[in-house]
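Note that this is a predicted model, so its numbers are computed, not measured.
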Amino acid sequence: MGVVLKVVAGPRRGLEYRAGERTAITIGRSKTSDFHVFDASMSRVHAVVARDADGWYVEDCKSSNGLWVDDARIDRQRLSENATFRLGTETVVLFREASTEEILGSGEVAVVLHCRECGESIAETDLVRGGRGRPFHLDCRNLDHLIDTELGEFRLLETMPALGAGFYFRAHQPSLTRSVTLAVFDAPLMARPGYRDALLGEVRRVSHFLHPHVLQILDFGEAPATSYVVMEHFTGRPFTEVLEERRFVKIRSAVQVATRTLNALHYAKSEGAAFSWVSSQRVLVSDAHDVKLWLFVDPDHAGRAPSLSEAPYVAPEVTRGAVDEGDERALVYSVAAMLYHMLAGIPPFDGATTDEITRRTLAGHPPALRRINMKVSPALASAVESSLDRDPGSRSESLAAFENQLTRAAGGR
């Protein structure tokens, strides 16, 4: 006679282990266990199912969270047919005996796992683990279970829109009685080779930036299998989200957003930041049109190409790879394109794909601003349109020069 162990509740529900001639089977979250059950509440070798002269029994292997039968913690229990026992806080295992004919082979029997978020089956290449080992698709995983818990001294209060690969939360820091934003990077990310070192390097790079219009990095912390970045809390949203809700932005407010973005970019470049285009997702705008530039780039997003929503704000020379590191005119183009969108209600160049937007950027000029919005002064329209010229030599030569040009043009209305 053989034996079948099947997980009937917990993160690996449906997983089976079939043994033919074995008289002892270890169960635990370590791959060295005979029956490897991934559950964060279990010990590496949690229990053993074994046979003696009187039959089968299950015995605790000095686990942290115990062996349970009928809600009672036990050290050893004789097993009858279809008996169940719980390991840790979630995993319930069913025991049954089976004929030799039923057990064609010994060992773990793979089962199809289903995403705890969407319910669909998960391919092994798309499998990640959330809280307590729950299976998720890579795109479906979440850390909602952290709400109302603590990471270090920070109490997580609510989720926030993500600005990168991590999970973002508004949190309370009791020692300084203030709200902060936490970007939390979970085990599937931190397990990637070199990810932690790259993340910490980026935090060190950005944390010395101190400017009223740059989102400040405050700290870096770690918890088991998790790292988190602490930053100032700002209630703004990405530039592209703001424009999805309104067609036009008032001229004074639009110029304010543009000049503050230029001021932040000028500061960042003077402090050694190296980039030739600014993501519209990383210009955060509040309802009062205050601006914070989000300079932190997590390892998953470093060096990536512009997305479809970002492509209208990328200078043509950037797409051609013809930008000198010290030349700020590509950044001037980015901000001019954002300002054009705020004033006109449409981006200077648009299209269904990034390639289409690039072709239109290289081919011609955007529609004249004053044909779309007559409230824009000739001086302001000229300042914006000249800085959208496909020839960098026709634009303002620097971020500071463009900021001064906009200030003068807006003041002359």
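Remark: K31 fails to qualify as a cation-pi partner of F38 under the 6.0 Å distance and 45° angle criteria applied to the six-membered ring. A cation-pi geometry, defined here as NZ or CZ lying under 6.0 Å from the six-membered ring centre and within 45° of its normal, holds between R76 and Y57.
Classification of R329 and E317 as a salt-bridged pair fails, no side-chain N sitting under 4.0 Å from a carboxylate O. Under 4.0 Å is where a charged nitrogen must lie from a carboxylate oxygen, and between E150 and R155 at least one such pair does. Salt bridge R359/E356: absent, no basic N to carboxylate O contact under 4.0 Å.
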Trace of the side chain to side chain contact (heavy atoms under 4.5 Å, CB included) decision for Y267 with V214: CA-CA 9 Å; Y267 165 80; V214 172; 4.2 Å; yes
Trace of the side chain to side chain donor-acceptor pair (under 3.5 Å) decision for S398 with E328: CA-CA 5 Å; S398 68; E328 297 182 350; 4.5 Å; no
CA sep, side-chain torsions, deciding dist, call: S63, N65, side chain to side chain donor-acceptor pair (under 3.5 Å): CA-CA 6 Å; S63 65; N65 292 320; over 6 Å; no
Check against side chain to side chain contact (heavy atoms under 4.5 Å, CB included), L87 and V37: CA-CA 10 Å; L87 307 172; V37 181; 6.0 Å; no
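Between L369 and E385, the closest heavy-atom pair is N-OE2, 2.7 Å. In terms of heavy-atom proximity, G28 sits nearest to M42 at CA-CE, 3.7 Å. Closest approach of L380 to V255, counting heavy atoms only: CD2-CG2, 4.0 Å. Nearest heavy atoms, Y340 versus L388: CD1-CD1, 3.8 Å. Residues D290 and R260 approach most closely at OD1-NH1, 3.2 Å, considering heavy atoms. Residues S43 and S64 come closest through the heavy atom pair OG-N, 3.0 Å.
Atom CG of N82 sits in a crowded spot, with more than 12 heavy atoms from other residues, nucleotides or ligands closer than 6.0 Å. A 6.0 Å sphere centred on CZ of R320 holds more than 12 heavy atoms belonging to other residues, nucleotides or ligands. Other residues, nucleotides and ligands place no more than 12 heavy atoms under 6.0 Å from the NZ atom of K6. For H213, the NE2 atom sits in a packed shell: over 12 heavy atoms of surrounding residues, nucleotides or ligands are nearer than 6.0 Å. The 12-atom threshold is exceeded at CZ of R73, counting heavy atoms of other residues, nucleotides or ligands nearer than 6.0 Å.
Taking the six-membered ring wherever Trp is involved, the centroid distance between the rings of F169 and Y228 does not fall below 6.0 Å.
Listed for the T354 side chain is no donor-acceptor partner under 3.5 Å among the backbone atoms of L308. At distances below 3.5 Å, not a single donor-acceptor pair connects side-chain atoms of R170 with backbone N or O atoms of H172. Side-chain N or O atoms of S386 include one that pairs as donor or acceptor with a backbone N or O of A383 at under 3.5 Å. Put simply, the side chain of E310 gets close to the backbone of S307: a donor and an acceptor are under 3.5 Å apart.
A heavy-atom distance below 4.5 Å is found between the side chains of V45 and S33.
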